[in-house]
Each structure stands twice: as structure tokens, then as C-alpha cells.
Amino acid sequence: MKNYSNIAIVASFFGLWMDSFLSTKMQILSGFLLIFTFGILHGANDLLLIKNTNTIKQTNSRFKILAYYVMVVLAGIFLFYIIPQVALLLFIIVSANHFGEQQWQNLEHDFPTWLLLLFHFFYGFVILLLLFNFHTIQVQNIIFKIANVLVPLPYFWIALQVSVGAFLGLSAYFYWKSEKIRKKLLVEFFFLLLFAILFKSSSLIWGFAIYFVLWHSIPSIIDQIKFLNGSFSTTYFVAYCRAAGVYWLISIVGIALIYFIFREEQLFNALFFSFLAAITFPHAVVITRMFGTKQTTK
């Protein structure tokens with residue numbers, strides 16, 4: 001879909017405009033609704049993507065692939081149960097890299113792999129830390145609920161300063177080394193400014209939902225459909241939703257059970273993000289393989 005970023009910019013400002021009309025409770029409900037639809041949907045077709053990557057042997061049965069995938073998800077959940085501090089740290093690292101990889105998937109591969117990974121990570125980490133710094137107390141409480149660790153509030157600001165410095169340094173290096181990336185860098189700096197305004201003006205869940213859906217999930221769905229079908233169309237999107245339907249429904253049922261068992265807001269938020277983490281681990285690997293396959297077929 002051409003010029004999707006223009007649509008996302010307009011939709012983001014519309015979300016900011018809606019922010020002035022929605023109560024905090026309505027922002028939270030609307031945010032979760034967005035996450036439950038497009039947010040969960042964008043990771044519900046991982047099994048289909050696995051079968052279409054050239055790194056996976058086609059002789060693997062659907063059941064075997066499903067079994068491996070479920071085992072990784074359960075391992076993530078178990079990790080959160082036995083050593084939540086490590087699991088949460090891994091979740092943040094994997095999510096930051098995953099967000100950066102989605103945004104910078106077409107970055108030239110003339111650079112060393114480790115440098116690209118570092119660049120992806122710091123871009124995504126800056127986004128997360130922008131969100132954290134505008135909602136420090138809520139984030140502090142969620143981290144405490146998940147990992148039983150009380151992060152001092154100044155640490156969020158220090159981490160953001162360090163990450164911004166590292167990202168600016170890497171950006172300056174890429175700007176110097178590659179002319180093709182220069183326009184993209186300037187555009188991405190504008191997007192980061194937009195995210196900062198969005199996170200500052202919105203509640204934690206509403207701000208995260210707008211970013212997660214408009215700037216990550218929907219672009220990811222478009223990329224996945226193009227990978228599976230060669231192009232994007234409404235017909236292919238409907239087929240994508242049908243293929244993902246069962247796995248999407250299972251995820252929604254799991255989240256619903258968490259809500260009905262743990263209704264207290266901060267506890268539910270903690271368990272909800274833990275659940276997202278468990279399904280993020282395998283999803284991030286699948287998307288990395290998808291992008292790798294796209295690069296080798298160019």
C-alpha cells in the first residue's frame with residue numbers, strides 16, 4: 001500500500017484529537033480494542049509465514065510447526081513465572097529490536113549485521129523509553145507487578161538520554177556512509193517527534209495502542225500480505241484475516257480469561273503485557289526470517 005505513512009500520520013493526529021474527547025477510561029477501553037483487533041491480528045498468521053519462508057523445510061507438518069510454536073510461547077510464559085526479571089528484560093530487548101526492524105527493514109545490508117541489529121534496537125528502545133518517560137509512575141507500577149522490581153524514576157530519563165545519544169551516533173554514521181538513507185533518517189526523526197507528542201498527550205494504553213497499531217501492526221500486516229501473495233489488495237487482506245481467525249480467537253479468549261480472573265487494573269496490565277511478551281518472542285523470530293527471505297529473493 002503506497003504512502004501508508006501519510007495515512008498513519010493523519011490517523012495519529014486524529015487519535016490526538018480524539019484524546020481531548022475521550023475520558024481516561026474510554027482511552028483505555030479504545031486502546032485495548034485496537035490492540036485486540038489489529039495488534040493481535042498481525043501476529044496471528046505466524047504459522048503461515050513459517051511455511052512460506054525458505055529457511056523452513058516444507059516437509060514439516062502443520063502440526064509439528066504448531067507444536068514448536070506453542071512450546072516457545074509456553075516457554076515464554078514459564079520464564080515469566082520463574083524468573084520474571086530476566087523475562088521482562090528479554091521482552092523489552094526483543095520488542096525494541098522488533099519495532100526497529102519493522103521500521104528499518106529496507107536498510108542497506110552493506111553494513112555489518114551486528115551494526116544493523118544495534119541500530120534497530122536503539123531506534124525501538126528510544127520509542128519505548130519515550131512512552132515510559134511520559135508515564136513513569138504507571139510503568140514503574142507495571143514493572144513492579146511483573147518482576148517485583150521497583151525501578152527508580154530517574155533511571156527512565158537516564159536510559160532515554162543514553163539511548164538517544166547512541167541512536168544519534170549511529171544515525172550520524174549511517175548518514176555519512178550512505179546517501180540513500182539520508183532522507184529516510186530525516187523522516188524517521190520527524191516520526192520520533194510525532195511519537196513523543198502522541199505519548200505525552202495520551203494515556204499510557206491509548207498512546208501505546210495508536211503507535212502499536214498504526215505504526216507497527218498494520219504496516220506489518222501489509223508486509224506479510226505482500227510476502228505471501230506478492231502484492232497487497234482487499235481480497236488478499238480478507239484471505240489473511242480468514243487464515244488468522246482461529247489463532248486470533250484463541251489469543252482473545254486467553255486475554256479474556258486473564259481479565260475475568262484478574263480484574264484489578266494494574267495487575268491486569270502487568271499480566272496482559274506478560275501475555276504479549278510470550279507471543280512476541282516467536283513472532284519476532286518469524287518476522288526476522290520473513291525479512292531475511294525477502295532480502296535473499298530480491
How many angstroms lie between atom [atom1] of [X] and atom [atom2] of [Y], to the nearest 0.5 angstrom?
X: L185; Y: L168; atom1: CG; atom2: CG; answer: 10.0 Å
X: L129; Y: T136; atom1: CG; atom2: OG1; answer: 12.0 Å
X: I225; Y: Y236; atom1: CD1; atom2: OH; answer: 10.5 Å
X: I40; Y: I252; atom1: CD1; atom2: CD1; answer: 5.5 Å
X: L198; Y: L130; atom1: CG; atom2: CG; answer: 10.5 Å
X: Q102; Y: H120; atom1: CD; atom2: NE2; answer: 10.5 Å

Subject >> Plane angle bin for H216 and F212 - parallel if under 30°, tilted between 30 and 60°, otherwise perpendicular >> reply: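 It falls in the parallel class, under 30°.
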Original post:
Which class fits the ring pair H42 and H283: parallel under 30°, tilted 30 to 60°, perpendicular over 60°?
Top reply: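 Taking H283 first and then H42, their aromatic rings stand perpendicular (interplane angle over 60°).
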**OP:** Answer yes or no: does atom CD1 of I137 have more than 12 heavy-atom neighbours from other residues, nucleotides or ligands under 6.0 Å?
**Re:**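 Not more than 12 within 6.0 Å, no.
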Original post:
Do other residues, nucleotides or ligands put more than 12 heavy atoms under 6.0 Å from the CZ atom of F189?
Top reply: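 Atom CZ in F189 is packed in, count exceeds 12.
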Can you check whether [X] reaches [Y] side chain to side chain, under 4.5 Å on heavy atoms?
X: Q27; Y: D19; answer: yes
X: F191; Y: I9; answer: yes
X: V139; Y: N133; answer: no
X: F208; Y: I35; answer: yes
X: S12; Y: W215; answer: yes
X: F156; Y: L131; answer: no
X: L192; Y: Y123; answer: yes
X: F132; Y: L160; answer: no

Subject >> Within the 6.0 Å centroid threshold, strictly below: F167 and F174 >> reply: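 Distance test on ring centres: not under 6.0 Å, no.
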Subject >> Between F99 and Y211, ring centroids under 6.0 Å >> reply: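 Yes - the distance between ring centres of F99 and Y211 falls below the 6.0 Å cut-off.
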Considering non-hydrogen atoms only, spot the tightest contact between [X] and [Y] and give its length.
X: L41; Y: W248; answer: N-CD1, 3.8 Å
X: W206; Y: G15; answer: NE1-O, 3.3 Å
X: P219; Y: V213; answer: CD-O, 4.1 Å
X: Q224; Y: L49; answer: OE1-CD1, 3.4 Å
X: G39; Y: S217; answer: CA-OG, 3.4 Å
X: A147; Y: P84; answer: CA-CB, 3.9 Å

Subject >> Between E101 and T288, a side-chain donor and acceptor under 3.5 Å >> reply: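 Yes, T288 and E101 have a side-chain donor paired with an acceptor closer than 3.5 Å.
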Original post:
Within the distance-only criterion (no hydrogens, no angle test), does the side chain of H135 pair as donor or acceptor with the backbone N or O of I205 below 3.5 angstrom?
Top reply: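 Side chain of H135 to backbone of I205: no pair is present.
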**OP:** Might you work through the side chain to side chain contact (heavy atoms under 4.5 Å, CB included) test for N229 and Y240, ending with a clear yes or no?
**Re:** CA-CA 10 Å; N229 302 284; Y240 177 93; over 6 Å; no
**OP:** Output, in order, the C-alpha distance, side-chain angles, deciding distance and verdict of side chain to side chain contact (heavy atoms under 4.5 Å, CB included) for F227 and I287.
**Re:** CA-CA 11 Å; F227 174 75; I287 296 301; over 6 Å; no
Subject >> With K184 via salt bridge (Lys or Arg N to Asp or Glu O under 4.0 Å) - residues at least two apart >> reply: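 Salt bridge (Lys or Arg N to Asp or Glu O under 4.0 Å) list for K184, sorted by chain: E188.
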Under 4.5 Å between side-chain heavy atoms, counting indirect links through other Ile/Leu/Val/Met/Phe/Trp/Tyr residues: same cluster for [X] and [Y] or not?
X: V238; Y: L249; answer: no
X: F111; Y: L117; answer: no
X: L29; Y: L33; answer: no
X: V10; Y: M18; answer: no
X: W104; Y: Y175; answer: yes

Subject >> Chi angles and distances behind the side chain to side chain contact (heavy atoms under 4.5 Å, CB included) call for I127, Q103 >> reply: CA-CA 11 Å; I127 292 174; Q103 205 74 10; over 6 Å; no
Subject >> I142/L204 under side chain to side chain contact (heavy atoms under 4.5 Å, CB included): CA gap, chis, key distance, verdict >> reply: CA-CA 11 Å; I142 290 173; L204 174 64; 3.8 Å; yes
